[in-house]
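I have placed the structure first, in the form of structure tokens, so that the comments after it can refer back to it.
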Amino acid sequence: MRIIASIWFPQWSINRWVRIQTTGKRRRKAAQPDKAFALTQTVNQTQKLQAVSTVAQAQGLMSGMTLAEARAIVPLLDTAAANETADAQALLALARWCDRYTPLVAIDGSDGLLLDITGCGHLYDGDQHLIRDLSERLAEAGFQAQVAVADTVGAAWALARYAPGATITTGEKAKALAPLPVKALRLDAGSVTTLHRLGLKRVGDVLVLPRPALARRFRGKPAKDVSDLLMRLDQALGLKPEPIEPLQPLPLWRLRHAFSEPIQHLAAIEAVLPDLIEGMISILARADMGVRRLTLSAFRVDGSVQHIRIGTSRPSRDAAHLMRLFSEKLDTLQSGFGFDLLMLSVSESEKLPPSQITTVKDAQAEATAQVLDRLSARLGAGAVTQLKHRHSHIPERAQSYSPLFSDKLDWHSLPTTHAPRPLRLLMRPEAMEVMAEVPEGAPRRFRWRRVDHKVAHAEGPERIAAEWWHALEPDDPETLARDYYRIEVEEGARFWVFRRGLYGVPGVRAGDQIQDPLNGNGPRWFMHGFFA
């Protein structure tokens, strides 16, 4: 049986605004202004109330009222500008903090969360203790929250808003939902109005009606209204599935360590983290797996969470190596009022069977991988890269840089039928002056970087044409074919050069000759690489 917890924050915007105003102060209960207060937003050049405090509600104010009307009722009303973007970002941060209870957390609208806590209650001595711990921590962090638990999303959503604190099981949903207003079925305003006009004001009024009779009452109304009502009713009763879309994929493995009291010193984390890593390695060893991506989540008592992520270039179960990678980043944690929970999660792993014999070559490869991992942890994931094969005929485009931890390098698809390639390739071909015996032949002399060379031997040409699948302008130099030559000069050096374009053919008008747009008539020569 699924266990869904729905959390609704009726004063979300107000609570977040008060938290910002009291930054640095420890809150012991839900944050509320001590006098009438409202957040305003401009709608069609008119200021309206976006959210009102509990005190303001008691004095007759409500969301959607214009500021002028509110001032007429409460002249001393305090106001501030609403910030929906900041509200959404804060709700996302709170959702990630709820990972401490379950990895299945989803945002529900602009003021709610959904948690699938199935199988998580044993971590808190039961589901009721988990919900109690969640409610107490939210209240201490300054949030007024209404929580309800059911085995369907629809039922939990309805109870959180209209019967907070309720917990129902499979056979009690219809009975628990019956006294709630039809709005609890998550219907739009038009459908709710239609039901009220038909005399159906409670969920129980809809439940007792047969489906054909309900459809007849909606005769003349859009068919979508009837289908939406039946779908929401079936979802609430569990007759139709409604999965939760979590913010992030489920971790492969996770371990947690809860502190009896909040800790503020990194030394305490450094003392606990090796035990978490050893425990994770034991789990991975039983599955013959090695870690590739590992995340340490530190949950603070103020309702925020900080993450440290590390990666390895090859699967690993080396506890000392993983601890060194975490040590590079532990000083980025800001404890604030303290951390009360650490969680270690594996998001990516690979097969790593046990080995009995380690060769010198394997030891060297492992040592190199560990050095690269530490450089990446210290300098950043994008600072250490590796070459990746790209499917391109043009030599300088045939490879690119990829992150160190990427395992899709595509070198297996590298063609093996082309002529030999130089050991070193220039990032950009460099122009040079060439003297050739025949227009289509190899160079006999050339000047490059102010040095004259005389060619002793030459091989070629190897023609590399432009890539037809790239849209190029007709006058783009890249549309011209390249003729590559492998040449050796009298000093013994070996070069890789190419001619771009062709010489004009005698007897053909100059306007019909193949020209290089960068050099007018005639081709251009370039130095591109060096052989060993």
Side-chain angles (χ1 to χ4, degrees), residues 5-43 47-67 69-71 73-98 100-101 105 107-115 131-148 160-161 164-165 262 264 299-306 334-340:
S6 177
I7 309 173
W8 181 47
F9 304 97
Q11 294 278 303
W12 172 251
S13 298
I14 299 293
N15 294 160
R16 187 199 65 80
W17 187 88
V18 173
R19 278 173 55 87
I20 296 299
Q21 306 306 311
T22 57
T23 300
K25 300 178 182 179
R26 187 77 175 273
R27 287 166 292 274
R28 291 294 180 182
K29 59 181 180 179
Q32 280 289 329
D34 54 3
K35 56 183 178 180
F37 174 79
L39 295 174
T40 64
Q41 61 181 353
T42 302
V43 179
Q47 279 195 309
K48 294 187 176 182
L49 305 188
Q50 187 258 1
V52 296
S53 67
T54 304
V55 176
Q57 290 177 356
Q59 297 182 19
L61 304 187
M62 63 183 66
S63 300
M65 182 181 293
T66 65
L67 182 59
E69 293 173 338
R71 295 281 191 198
I73 299 174
V74 184
L76 300 180
L77 176 67
D78 285 344
T79 62
N83 190 336
E84 295 183 353
T85 301
D87 289 344
Q89 292 175 348
L91 186 62
L92 175 61
L94 186 60
R96 298 199 183 282
W97 174 83
C98 287
R100 65 183 295 139
Y101 297 103
V105 182
I107 293 178
D108 182 20
S110 61
D111 56 1
L113 298 175
L114 290 172
L115 282 67
I131 296 301
R132 185 182 304 113
D133 182 84
L134 171 62
S135 301
E136 291 175 354
R137 290 182 184 276
L138 289 175
E140 186 174 346
F143 297 110
Q144 180 181 346
Q146 297 181 191
V147 186
R161 285 152 179 79
Q264 294 180 308
F299 295 82
R300 300 201 319 187
V301 295
D302 63 354
S304 62
V305 57
Q306 300 176 26
Q334 303 294 327
S335 61
F337 292 114
F339 299 109
D340 59 354

Rounded to the nearest 0.5 Å, what separation is found between the [atom1] atom of [X] and the [atom2] atom of [Y]?
| X | Y | atom1 | atom2 | answer |
| --- | --- | --- | --- | --- |
| Phe37 | Gln21 | CZ | CD | 7.5 Å |
| Arg137 | Tyr101 | CZ | OH | 5.0 Å |
| Trp97 | Leu113 | CH2 | CG | 10.0 Å |
| Thr40 | Gln50 | OG1 | CD | 9.0 Å |
| Asp78 | Ser53 | CG | OG | 9.0 Å |
| Leu77 | Gln59 | CG | CD | 8.5 Å |

Measuring only between side-chain heavy atoms, which start at C-beta, is [X] closer than 4.5 Å to [Y]?
| X | Y | result |
| --- | --- | --- |
| Arg71 | Leu76 | no |
| Thr42 | Lys48 | no |
| Leu49 | Ser63 | no |
| Leu61 | Ile73 | yes |
| Met62 | Gln57 | no |
| Phe9 | Leu94 | yes |
| Leu138 | Glu136 | no |
| Asp108 | Trp8 | no |

For this session: With side-chain contact (heavy atoms from CB on, under 4.5 Å) as the test, would you mind laying out the steps for Asp87 and Ser110 before giving the verdict?
Result: CA-CA 8 Å; Asp87 289 344; Ser110 61; over 6 Å; no
Closest approach of [X] and [Y], non-hydrogen atoms and distance?
| X | Y | value |
| --- | --- | --- |
| Ile107 | Ala95 | CG1-CB, 4.1 Å |
| Leu39 | Ala82 | CB-CB, 4.0 Å |
| Ala36 | Val55 | N-CG1, 3.6 Å |
| Leu91 | Gly109 | CD2-O, 3.8 Å |
| Gln334 | Arg300 | O-NH1, 2.7 Å |

Exercise. Side chain of Gln146, backbone of Ala160: donor and acceptor closer than 3.5 Å?
Worked result: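 Yes; at least one donor-acceptor contact below 3.5 Å.
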For this session: Go through the steps for Asp340 and Arg100 under the test salt bridge (charged side-chain N to carboxylate O under 4.0 Å, His left out), then give the verdict.
Result: CA-CA 10 Å; Asp340 59 354; Arg100 65 183 295 139; 3.1 Å; yes
Exercise. Is the number of heavy atoms from other residues, nucleotides or ligands under 6.0 Å of Gln264 CD greater than 12?
Worked result: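 Yes, because the 6.0 Å sphere around CD of Gln264 holds more than 12 heavy atoms from other groups.
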Exercise. Going through the checks in order, is the side-chain contact (heavy atoms from CB on, under 4.5 Å) test met by Ile14 and Val52?
Worked result: CA-CA 7 Å; Ile14 299 293; Val52 296; 5.9 Å; no
Exercise. side-chain contact (heavy atoms from CB on, under 4.5 Å) between Arg161 and Ser6: does it pass, once the steps are laid out?
Worked result: CA-CA 9 Å; Arg161 285 152 179 79; Ser6 177; 3.6 Å; yes
For this session: Decide side-chain contact (heavy atoms from CB on, under 4.5 Å) for Val105 and Leu114; before the verdict, give the C-alpha distance in whole Å, the side-chain angles of both, and the deciding distance to 0.1 Å.
Result: CA-CA 6 Å; Val105 182; Leu114 290 172; over 6 Å; no
Exercise. Which class fits the ring pair Trp12 and Phe143: parallel under 30°, tilted 30 to 60°, perpendicular over 60°?
Worked result: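 Ring orientation, 0 to 90° scale: parallel.
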For this session: Compute whether any side-chain donor of one residue and acceptor of the other, for Glu69 and Thr66, lie under 3.5 angstrom apart.
Result: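 Side-chain D/A pair, Glu69 to Thr66: present.
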